[in-house]
Amino acid sequence: MIFSGKDLKSYRVITMGLPQLLNQLVVSIVEQQPDMEIVSTLPRLDLGKSDDETNLNCDAMITHYESSDTTLAIVRKLLFSNPEMIIVNLAENVRSGDIFKLELKALPVSELSPDSLIQLIRDGA
């Protein structure tokens, strides 16, 4: 892809918890892009970290967690601390994975009554 210097937004990327060889490969791929930089390579995150420790100041994180409830809890914690970040979680085969990001979603509601307002709260929470 051809970029002109004036059109580039700079993307700050972090790798987290990648095995060493995979981390080297990902860093090499990302750093070939003129609009991207690896700003940190971090070990795996545990849920005991404070919100200050999970505020990462980056645009994207590339990680390699197994799918589990713990993984989803870690992703949730990271995204709430870094709401504009995306997380790319590479699958075991490293040829696929999942992208996690926060998105606001507005759902239309028509003809509100006191009862329907209460029901919306119960259904949405």
Q: Test Asp59 against Lys9 for side chain to side chain contact (heavy atoms under 4.5 Å, CB included), laying out the working first.
A: CA-CA 11 Å; Asp59 301 297; Lys9 173 191 184 300; 3.5 Å; yes

Q | CA sep, side-chain torsions, deciding dist, call: Arg76, Phe100, side chain to side chain contact (heavy atoms under 4.5 Å, CB included) | A | CA-CA 9 Å; Arg76 184 177 300 113; Phe100 297 93; over 6 Å; no

Q: Assess whether side chain to side chain contact (heavy atoms under 4.5 Å, CB included) is satisfied between Leu25 and Val94, documenting all intermediate values.
A: CA-CA 11 Å; Leu25 179 62; Val94 190; 5.7 Å; no

(Q) With side chain to side chain contact (heavy atoms under 4.5 Å, CB included) as the criterion, how do Met36 and Glu31 come out once you've worked through the C-alpha distance, each side chain's angles and the decisive distance to 0.1 Å? (A) CA-CA 6 Å; Met36 295 183 186; Glu31 288 186 340; over 6 Å; no

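Note on Leu42 and Ile74: same hydrophobic cluster, where clusters join Ile, Leu, Val, Met, Phe, Trp and Tyr whose side-chain heavy atoms are under 4.5 Å apart, directly or indirectly. Tyr11 is connected to Val27 through a chain of hydrophobic side-chain contacts under 4.5 Å among Ile, Leu, Val, Met, Phe, Trp and Tyr, so both are in one cluster. Under the 4.5 Å side-chain heavy-atom criterion for ILVMFWY residues, no single connected hydrophobic cluster contains both Met61 and Ile38. Linking ILVMFWY side-chain heavy atoms closer than 4.5 Å, directly or via other members, places Ile87 and Leu90 in two distinct hydrophobic clusters.
Once rounded to the nearest 0.5 Å, the distance linking CD1 of Ile86 with CG of Leu102 reads 12.0 Å. Within the model, atoms CE of Met16 and OG of Ser40 stand 8.0 Å from one another, a figure rounded to the nearest 0.5 Å. Expressed to the nearest 0.5 Å, how far OG1 of Thr63 lies from CG of Leu78 amounts to 8.5 Å. With values rounded to the nearest 0.5 angstrom, Ile62 atom CD1 is found 10.0 Å from Ile99 atom CD1. Taking CE from Met85 and CG from Leu56, the interatomic distance works out to 5.5 Å, rounded to the nearest 0.5 Å. Put simply, CD1 on Ile118 and CG on Asp123 are 11.5 Å apart, with the number rounded to the nearest 0.5 Å.
Put simply, the residue from Val39, Asn23, Leu22 that forms a side chain to side chain contact (heavy atoms under 4.5 Å, CB included) with Thr15 is Asn23.
Of all heavy-atom pairs spanning Asn57 and Asn82, the tightest one is N-OD1, 3.6 Å. Closest heavy-atom contact between Tyr65 and Asn89: N-OD1, 2.7 Å. Shortest non-hydrogen contact noted between His64 and Pro19 is CD2-CD, 4.0 Å.
Using a 4.0 Å cut-off between a side-chain N of Lys or Arg and a carboxylate O of Asp or Glu, Lys101 and Glu103 qualify as a salt bridge.
With hydrogens and angles ignored, the 3.5 Å screen pairs a side-chain donor or acceptor of Ser81 with a backbone N or O of Lys77.
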